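From a predicted model like this one, the values you see are computed outputs, not experimental measurements. Computed from heavy atoms alone, side chains included, the values below leave out hydrogens, waters and symmetry copies.
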Amino acid sequence: MTSGPNLEEITRRGVQEIISHEQFVRMLGEGKPLRLKMGFDPSRPDIHLGHVVGLRKLRQLQQLGHQVILIVGDWTAQIGDPSGQTVTRPALTHEEVITNAESYQRQFFKVVDRDRTQVVWQSEWFGKFTLADVIGLTGRFTVAQFLERDDFAKRFQEHRPIAITEFLYPLLQAYDSVAVESDVEFGGTDQMFNLLVGRELQGMMGQRPQQCFLMPMLVGTDGAQKMSKSLGNYVALEEPPEDMYGKIMSLPDELIGPYFEYLTDVPMEELAELERSNGEINPIEFKKRLALDITAQFHDLAAANAAQAHFENVVQRRGLPEDIPEFTEPSLAGSQGEQGRRLSNIIYDAGLASSVSEAKRLINQGAIELIDAATGDARRLTRDDRTDALDMQDRAVLKRGNRRFVRLVK
RNA sequence: GGAGGGGUGGGUGAGUGGUUAAAGCCACCAGACUGUAAAUCUGGCGUCCGGAAGGGCUUCGCAGGUUCGAAUCCUGCCCCCUCCA
C-alpha cells in the first residue's frame, strides 16, 4: 500500500466533506485494508458522470490497498428513493433486479477495480429479518430525528406526502453498514442523512462508526441543476463516444473547471494555469481537451479522437457525418401514386420528427434541409410539398436542425 | 370517526357553462447570432387531413348524467392534503 495518489488529492479533490476528516486520516494510518461501502439501487441501473465523482474516489483508495463492498439494494429498491415525486413504483421482478444489477456492475467496473471489490446483496441479511427485527430497528430512532432530513422536512412543511416506508429507507441503508461492518461509506451530499444514520446505528450496535465520504453534486449539462437522469441533464457512461463528447462540449463554460477537477487526473497546478490563461485562449480549446479526456476514460483514445473529429466536422464545419442512418423511402422507387409522398410524412417516417404535425412545424421554421448526395449542395425546404415537386435523388440526405441526419435510399 | 380543501397539457399554475386545444412562467424544439457555451432576439410547442386558407378528432383524476353546448353543473368511484378527535 504505498504507491497511488497522495493523501491530499484523495481527501480534498472532488470531495465535499468527510465526516470526520480527522478520523478518516487516522484510519488510513492504521495500515489495515479498510472496508469501503457503496450501495446502489437496482431499480436505477444507469450510471452517469455525477456518480463517477465518487467512483473515482473508490478507485483511488483501492490503489492504496483498500477493499470496496458493493451492496445491491434489492430491498431498498422496493421502497424507492425518497425524492418526493416518486409515486409507488411497481415492484421489480427478480429477473429485472438481476438484469439491472448486471448492467450496473458492467458500468461500475469501468471505473472501480473489480479485483478489490466484493459484491453483496441486501437480501443476504434482510431475507432473514423478522418483524421483531424491524421493530427493534425502528425503535432506535424518532420521527423528530428523521424530520431533520432536508427532504423530509421540506415536504412535511409543504404538506406534501411522505410515505411511512420512506422512513424505512435510511434505516435499511444504515443497517447495511452494520451488516457489512463498513469503515467508510460513500455518497453524494444528498446522501448525508442516510450515511449519518448508518454511522449512528453502528455505534448503537457496538461497532466502530463508519466515516462518511461526501461528494459534491455535479452540475448537469443544463448548467443549472445537479446531474440526474430524471432531469435529463446527464451524460451516461454507456453513451456512444460521439454523444458523450458532444454533450460535454455543450456544457456551459463555468463547468469546465469543476469537471476537470472532479472527473480527470489533470494535475491541480495545471488547472490553475488554465484558469489564468482564461481570456487569452478560446475556452472551446479547454473544453475539447476535457471532452477528449473523459470520452477516452469510458471508451478509448481512438474512439475519443474519432468523436472529436466528428465534432469538428459536423458541428464546427457543419459537414456531413460519416455514418448516417439510412431510411428506405418508397417514393424514390417511383411507386407512390400520381403525386408522390408529402415531405412531412417522409420526415416523420424517417424518424426526424415525433409526429407529422411536428414535421410540418419544422418545415415552416426552416429547420429542414435536403443535401444532394453527389454535389453536396444543401437546399432548405420550406414547403410541405409532394415528392414530385421536391426533386429528391436517391441517397440524398435529409437534415433536421444542426445535427440530425437521415439518408434517403431506394 | 367528524369538518373542510384539492386532483388541469413534460413541470408549475390560471380558468367555475359557449369568444378554451385551454392564460402566464419554466422546460423543450427551431431560426438569427455564435465557440453545439452564455446572453439576446424571433417563431413554435395535442394530433390528423389540406399547398394554403381552413377543417376533423382527442385532452382538464376515473365512470356515468344534465345541457343545443361542460375543464367548468349533478351522481358515484379513486387518490392527495389540512384541521378536530
List the steps, then state whether side chain to side chain donor-acceptor pair (under 3.5 Å) holds for A:Thr76 with A:Gln122. CA-CA 8 Å; A:Thr76 40; A:Gln122 269 182 331; 3.2 Å; yes
Original post:
Between A:Lys288 and A:Gln316, is a side chain to side chain donor-acceptor pair (under 3.5 Å) present by the stated rule, with each step listed?
Top reply: CA-CA 12 Å; A:Lys288 278 183 167 181; A:Gln316 292 196 287; 3.0 Å; yes
| said: A:Asn313 vs A:Arg318, test: side chain to side chain donor-acceptor pair (under 3.5 Å). Steps then yes/no. | reply: CA-CA 6 Å; A:Asn313 175 36; A:Arg318 302 247 166 141; over 6 Å; no
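Atom CZ of A:Arg383 and atom C1' of B:A53 are 13 Å apart (whole Å). Look at CZ on A:Arg400: it is 19 Å from P on B:U36, rounded to the nearest Å. Separating the CD atom of A:Gln225 from the P atom of B:G11 is a distance of 15 Å, rounded to the nearest angstrom. Taking atom CG on A:Leu381 and atom C1' on B:G31, their separation rounds to 15 Å, with Å as the unit. The distance between atom NZ of A:Lys287 and atom P of B:U36, rounded to the nearest whole Å, is 9 Å. Rounded to whole Å, atom C1' of B:G44 lies 14 Å from atom CD1 of A:Ile363. At whole-Å resolution of the value, CD in A:Glu358 and C1' in B:A21 are 17 Å apart. Atom CZ in A:Phe286 sits roughly 17 Å away from atom P in B:U36 (whole-Å rounding).
Put simply, A:Arg386 has a side-chain N or O that comes within less than 4.0 Å of OP1 or OP2 on B:G51. Contact between the side-chain N/O atoms of A:Ser355 and the OP1/OP2 oxygens of B:G46 is not found at any separation under 4.0 Å.
Here, B:C84 and B:U16 have their P atoms 32 Å apart, quoted to the whole Å. Distance check on atom C1': B:C79 versus B:C62 gives 10 Å, rounded to whole Å. Comparing B:G61 with B:U72, their P atoms are spaced 8 Å from each other, to the whole Å. When the C1' atom is compared between B:U67 and B:G18, the two are found 12 Å apart, to the nearest whole Å. Comparing the same atom, C1', in B:U8 and in B:U66 gives a spacing of 22 Å after rounding to whole Å. Nucleotides B:C77 and B:G7, compared at atom C1', are 14 Å apart to the nearest Å. Spacing of P atoms, B:C60 relative to B:A21, comes out at 14 Å, to the nearest Å. Spacing of P atoms, B:C45 relative to B:G10, comes out at 16 Å, to the nearest Å.
Evaluation of atom-type donor-acceptor distances gives no pair under 3.5 Å for the side chain of A:Lys288 against the base of B:G35. A donor-acceptor contact under 3.5 angstrom links the side-chain atoms of A:Gln365 to the base of B:G43. The base of B:U36 has none of its N or O atoms less than 3.5 Å from a complementary donor or acceptor on the side chain of A:Arg404.
Taking 4.5 Å as the limit, some side-chain heavy atom of A:Gln207 sits within range of a side-chain heavy atom of A:Glu181. Contact of the A:Asp349 side chain with the A:Arg341 side chain is registered, since non-hydrogen atoms from C-beta on lie closer than 4.5 Å. Contact of the A:Arg140 side chain with the A:Leu201 side chain is registered, since non-hydrogen atoms from C-beta on lie closer than 4.5 Å.
When heavy atoms are screened at a 4.0 angstrom cut-off, A:Val356 is found touching the sugar-phosphate backbone but no base atom. Among the heavy atoms of the strands lying under 4.0 Å from A:Gly246 is at least one base atom, whether or not backbone atoms are also near.
Sparse packing is recorded around CE of A:Met192, with 12 or fewer heavy atoms of other residues, nucleotides or ligands lying under 6.0 Å away. For A:Phe260, the CZ atom counts as densely surrounded, since its 6.0 Å shell holds more than 12 non-hydrogen atoms of other residues, nucleotides or ligands.
With distances taken from any side-chain atom of A:Arg403 to the nucleotides B:U36, B:G35, B:C49, the minimum falls on B:U36. Comparing B:G44, B:G51, B:G35 against the side chain of A:Arg342 picks out B:G51 as the nearest. Among the nucleotides B:A30, B:G35, B:G50, the one closest to the side chain of A:Leu362 is B:A30. Side-chain atoms of A:Arg318 lie closest to B:U34 of the nucleotides B:U36, B:C48, B:U34. The side chain of A:Arg380 lies closest to B:G31, out of B:G31, B:U36, B:C49.
Both A:Asp222 and A:Asn402 lie close to RNA chain B; mapped to their nearest nucleotides by heavy-atom distance, the more 5′-ward contact belongs to A:Asp222. RNA chain B is contacted by both A:Lys360 and A:Ala367; A:Ala367 maps to the nucleotide lying nearer its 5′ end (nearest heavy atom per residue).
Relative ring orientation between A:Phe146 and A:Phe152 is described as parallel, the plane-to-plane angle staying below 30° on a 0-90° scale split at 30° and 60°. Aromatic ring pairs are classed by plane angle as parallel below 30°, tilted from 30° to 60° and perpendicular above 60°; the pair A:Tyr175 and A:Phe126 is tilted.
Residues A:Asn100 and A:Ser103 bring no donor and acceptor atom of their side chains to less than 3.5 Å of each other. Looking at A:Glu185 and A:Gln191, their side chains never bring a donor and an acceptor atom within 3.5 Å of each other.
Where RNA chain B pairs in unbroken runs of 3 or more (Watson-Crick or G-U, both distances under 3.5 Å), the stems are B:1-7 with B:78-84, B:10-12 with B:24-26, B:28-32 with B:40-44, B:46-49 with B:54-57, B:61-65 with B:73-77.
A heavy atom closer than 4.0 Å to some atom of RNA chain B occurs in A:Ser250, A:Leu251, A:Pro252, A:Asp253, these being the qualifying members of residues 249-260 of chain A.
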